[in-house]
Each structure stands twice: as C-alpha cells, then as structure tokens.
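Bear in mind the structure is a predicted one, so any value in this text is a computation, not a measurement.
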Amino acid sequence: KIFICGNHDFIFEKDPITAQEIVEGYDVTYLQETSVTVEGYKFWGTPWTPWFHSWAFNADEQQLRLTASLVPDDCDVLLSHGPPYGVLDKVLRPPGHRVGCYYMRERIRAVKPLVHAFGHIHEDYGVKVEDGTAFVNASSCNLRYNPINPPVVLELNGRTVTEL
C-alpha cells in the first residue's frame, strides 16, 4: 500500500513528524518527494498542487518547479495529488478552466512514466492515454463529495499498461 497526501491532509503539511508517527506500524509507504520500488516498478509521489483555494499542500511557482524537477528519470509510476496541466484537469467553474501543473506536465514529457495517477479535480475523473503514459484521475468522489466514481484498476506488464 502506497499513499500520498492531498489538499485535506493539513497534519502532514503542518506537523509531518506527528503524521509519520500516526502511520508507523501500519503496512503502508508514504511518499512525499520520495520513491519506492515494488516488483521492479519505481513509484514516486508528491502532494503539492498549484494554489487551489486555501487547502493543504498548495504550492507557489518555485515549489512547483522544484517538485517537478525531483521526479526521477527512471520513474515508472508517478503519484501526485494534482493533475498535470491539460490532462483531466478541467473544473466546472469557470467552465473549462484548467488547473493542472504546467511544470509537472513538462517533466512528464521528459520522463514518460507508464502511469501518472492523481485525483484532486473531482469533476474530470477518468483515464487518458497519451504518448505512452496512462493518465488516471482516480478521484473517487464527485464535486459534491459523493463517492460515486468506481476505482480505476490498472495492470502493469513490462512496459505496457492495461485498464481492467
């Protein structure tokens, strides 16, 4: 079990030592600008997103640029709370407005991970494959926080990804 934080996880942003103590003893791996290799696939994760209301892990331009630069060249599965710019990042208000991270989008173009999974923008849930990367907005909730979206299940097989 691998997890990252998101915009509701203020304790991980404000008091990361206590947050780490809370998850110790559970069979989980928390990623924050760190990686873990599982069955030969390198996972890397980050909670940071472009500023969006007054939530946790909102980042300024400097932090966004730094975070994107830290994604390893050999990353297979990128986990971020927010989407990259232009991919499953449209909000309803204002209609069609995109809120993804430009710097992460550029880094993904260079790294070409098999999968980039994220959530955050509930109203643009889904899967899109582009240039060999499966982009997954896996938000389980709709805009009203009703958990109506089914889980997205992928199978990694070598350098291919299959949606189950």
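- Within a 6.0 Å radius of CD1 in I17, no more than 12 heavy atoms belonging to other residues, nucleotides or ligands are found.
- For the ring-ring contact (aromatic ring centres under 6.0 Å, His included) condition, the pairs that include at least one residue of residues 30-49, sequence neighbours left out, are F3-Y30, F12-Y30, W48-F57.
- Under the 3.5 Å distance criterion, the side-chain polar atoms of Y125 are matched with a main-chain donor or acceptor of P150.
- Interatomic distance, CG of D89 versus CZ of R98, reported as 5.0 Å (0.5 Å rounding).
- What you find for A56 and G6 is that their closest heavy atoms are CB-O, 3.9 Å.
- Between D74 and K42 there is a salt bridge, since a side-chain N of the basic residue sits under 4.0 Å from a carboxylate O of the acidic one.
- In summary, of the residues considered (T49, V91, L143, L92), a side chain to side chain contact (heavy atoms under 4.5 Å, CB included) with I121 occurs for V91 alone.
- A single hydrophobic cluster is not seen to contain both Y26 and I4; linkage of ILVMFWY side chains at heavy-atom distances under 4.5 Å, directly or through other members, places them apart.
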Would you give me the side-chain donor-acceptor pairs under 3.5 Å for residues 60-73, sequence neighbours excluded?
unit_1, atom_1, unit_2, atom_2, d
D60, OD1, Q62, N, 3.2
D60, OD1, Q63, N, 2.8
E61, OE2, R65, NH2, 3.1
E61, OE2, Y103, OH, 2.3
Q63, NE2, T67, OG1, 2.9
R65, NH2, Y103, OH, 3.2
T67, OG1, Q63, O, 2.9
S69, OG, L66, O, 2.7
D73, OD1, R107, NH1, 3.4
D73, OD1, R107, NH2, 2.5

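- Residues P84 and C101 form no side-chain contact, since every pair of their non-hydrogen atoms from C-beta on lies 4.5 Å or further apart.
- Sorted by first and then second residue, the side-chain hydrogen bond (donor to acceptor under 3.5 Å, both in side chains) pairs with a member in residues 155-164 read D76-R159; sequence neighbours excluded.
- Linking Ile, Leu, Val, Met, Phe, Trp and Tyr whenever their side-chain heavy atoms come within less than 4.5 Å puts V161 and V38 in one cluster.
- A distance of 8.5 Å separates CD in Q32 from CD in E13, rounded to the nearest 0.5 Å.
- Side-chain contact between V36 and L31 is present, with at least one heavy-atom pair separated by less than 4.5 Å.
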Can T133 and V115 be said to form a side chain to side chain contact (heavy atoms under 4.5 Å, CB included), step by step? CA-CA 5 Å; T133 298; V115 177; 5.8 Å; no
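- Within the 4.5 Å cutoff, the side chain of V77 has heavy atoms near those of the L156 side chain.
- Within the structure, every pair that satisfies the ring-ring contact (aromatic ring centres under 6.0 Å, His included) test and touches residues 144-164, not counting sequence neighbours, is listed here: H8-Y145, H122-Y145.
- Contact between P50 and V99 at its shortest, heavy atoms only, is CG-O, 3.8 Å.
- Contacts classified as salt bridge (charged side-chain N to carboxylate O under 4.0 Å, His left out) and involving residues 126-143 (residues at least two apart or in different chains) are given here: R105-E130, K112-D131, K128-E130.
- Checking side-chain atoms of N142 against main-chain N and O of R144 turns up a donor-acceptor pair under 3.5 Å.
- In this structure, S139 OG and F118 CZ are separated by 10.5 Å, a value rounded to the nearest 0.5 Å.
- Inter-residue side-chain proximity for I108 and L78 is flagged as met; some heavy-atom pair is nearer than 4.5 Å.
- Distance check, rounded to the nearest 0.5 Å: CD of E106 to CZ of R109 gives 5.0 Å.
- Between K1 and T29, the closest side-chain pair of non-hydrogen atoms is not below 4.5 Å.
- The stretch residues 59-100 participates, sequence neighbours left out, in these ring-ring contact (aromatic ring centres under 6.0 Å, His included) pairs: H81-H120.
- Between N137 and P83, every side-chain heavy-atom pair lies at or beyond the 4.5 Å cut-off.
- When side chains are defined from C-beta on, L79 counts as touching I2, because their heavy atoms get closer than 4.5 Å.
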